[in-house]
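Below is one structure; the comments refer to it alone.
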Amino acid sequence: VQLQAYGGGLVQAGGSLRLSCKPSGRIFTGYVMGWFRQTPGKEREFVACIRWRTGGSTYYADSMKGRFTISRDNPKNTLFLQMNSLKPEDTAVYYCAAGPSFSGIASTYEMWGRGTLVTVSS
């Protein structure tokens, strides 16, 4: 299964952006999908994750709570990340990932997609 994140771009501080991720095939029942981000020279940082089939459980990094919302549309087989009140420090390449663990640890995710760049100007 290939993952591709898209929807990044340039936005002013305080603005909003919605990222999407569409797997090329079926995600295993019980799997989790998540968003991570990375800036040059830094490790990949957890953003949020969601149980793919049920969508009832979500988990956010503390710094994203209240600003970012993860969701999924199973019929459309698409994962979303709604980002509001963006800050310049949110500038990063954002990746979607899939794996068996409801976790914020990048190494627990088995599948990674190409990232999409989000740039927030001050």
Side-chain angles (χ1 to χ4, degrees):
V1 176
Q2 303 294 320
L3 304 177
Q4 174 66 59
Y6 53 96
L10 176 63
V11 62
Q12 287 188 332
S16 299
L17 209 58
R18 188 174 80 158
L19 304 183
S20 302
C21 174
K22 190 170 179 65
S24 61
R26 182 182 175 89
I27 298 296
F28 297 127
T29 300
Y31 261 45
V32 172
M33 290 200 72
W35 288 98
F36 289 78
R37 67 186 187 184
Q38 190 169 25
T39 54
K42 293 188 177 181
E43 292 188 356
R44 203 158 285 190
E45 178 187 22
F46 171 69
V47 175
C49 67
I50 187 169
R51 294 194 185 278
W52 181 242
R53 285 300 162 198
T54 64
S57 296
T58 56
Y59 172 39
Y60 294 90
D62 287 344
S63 60
M64 320 299 173
K65 287 180 182 177
R67 297 192 303 124
F68 291 7
T69 302
I70 189 172
S71 63
R72 92 278 182 264
D73 185 332
N74 283 136
K76 294 184 179 180
N77 205 40
T78 305
L79 175 73
F80 300 103
L81 182 68
Q82 177 67 43
M83 303 185 294
N84 299 326
S85 302
L86 283 162
K87 306 173 182 179
E89 51 264 44
D90 293 318
T91 295
V93 176
Y94 285 71
Y95 298 89
C96 57
S101 300
F102 192 66
S103 164
I105 301 173
S107 60
T108 65
Y109 288 78
E110 300 173 342
M111 293 174 277
W112 291 86
R114 286 176 176 252
T116 185
L117 176 62
V118 172
T119 303
V120 184
S121 63
S122 57

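We're numbering straight along the sequence, starting at 1. Here the structure is a predicted model, which is why all the values come from computation and not from measurement.
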Within one Ile-Leu-Val-Met-Phe-Trp-Tyr cluster: [X] and [Y], side-chain cutoff 4.5 Å:
X	Y	answer
Leu79	Val47	yes
Trp52	Leu81	yes
Phe36	Leu19	no

**Any Met33 side-chain heavy atom under 4.5 Å of Leu3 side chain** = yes
**Message:** Contact between Val11 and Ser16 at the side-chain level, heavy atoms closer than 4.5 Å - yes or no?
**Reply:**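 SC-SC contact between Val11 and Ser16 ruled out.
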For the atom pair [atom1] ([X]) and [atom2] ([Y]), what is the distance rounded to the nearest 0.5 Å?
X	Y	atom1	atom2	answer
Leu10	Leu17	CG	CG	9.5 Å
Glu45	Arg37	CD	CZ	4.0 Å
Trp35	Ile50	CH2	CD1	11.5 Å

**Item:** With sequence neighbours excluded, residues passing disulfide bond (SG atoms under 2.5 Å apart) with Cys21
**Value:**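 Cys21 satisfies disulfide bond (SG atoms under 2.5 Å apart) with Cys96 once adjacent residues are dropped.
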**Prompt:** Is there a donor-acceptor pair under 3.5 Å between the side chain of Thr91 and the backbone N or O of Val120?
**Reply:**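 Indeed, once roles are kept as given, a pair shorter than 3.5 Å links the two residues.
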**Prompt:** How would you list, by chain and number, every residue that makes a salt bridge (charged side-chain N to carboxylate O under 4.0 Å, His left out) with Lys87, sequence neighbours excluded?
**Reply:**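 Applying salt bridge (charged side-chain N to carboxylate O under 4.0 Å, His left out) to Lys87 gives none.
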Where [X] and [Y] come nearest, the two heavy atoms and their spacing:
X	Y	value
Ser122	Ala13	CA-CB, 4.3 Å
Ser20	Thr78	CB-CG2, 4.1 Å
Val118	Gly8	CG2-CA, 4.0 Å

Can you list every salt bridge (charged side-chain N to carboxylate O under 4.0 Å, His left out) pair that touches [range], not counting sequence neighbours?
range	result
residues 12-35	none
residues 66-86	Arg67-Asp90
residues 2-13	none

With [X] via side-chain hydrogen bond (donor to acceptor under 3.5 Å, both in side chains) - residues at least two apart:
X	result
Gln38	Arg44
Gln82	Asn84
Thr119	none

**Request:** Enumerate the residue pairs fulfilling ring-ring contact (aromatic ring centres under 6.0 Å, His included) with a member in residues 67-94, sequence neighbours excluded, ordered by first and then second residue.
**Result:**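 The answer is none; no pair qualifies.
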**Request:** Might you confirm whether atom CZ of Arg114 has over 12 heavy atoms from other residues, nucleotides or ligands at distances under 6.0 Å?
**Result:**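 Counting neighbours around CZ of Arg114, 12 or fewer heavy atoms of other residues, nucleotides or ligands fall under 6.0 Å, so no.
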Output side-chain donor-acceptor pairs under 3.5 Å for residues 55-64, partner residues at least two apart or in another chain, one line each.
unit_1 : atom_1 : unit_2 : atom_2 : d
Tyr60  : OH     : Ile70  : N      : 2.9
Asp62  : OD1    : Lys65  : NZ     : 3.3

**Prompt:** disulfide (SG to SG under 2.5 Å): which pairs involve residues 55-86, sequence neighbours left out?
**Reply:**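 Found none.
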In residues 102-112, what donor-acceptor pairs under 3.5 Å come from side-chain atoms, sequence neighbours left out?
unit_1 : atom_1 : unit_2 : atom_2 : d
Ser103 : OG     : Ile105 : N      : 2.8
Ser103 : OG     : Thr108 : OG1    : 3.4
Thr108 : OG1    : Ile105 : O      : 2.7
Tyr109 : OH     : Ser103 : O      : 2.5
Glu110 : OE1    : Tyr31  : OH     : 2.6
Trp112 : NE1    : Tyr109 : O      : 3.3

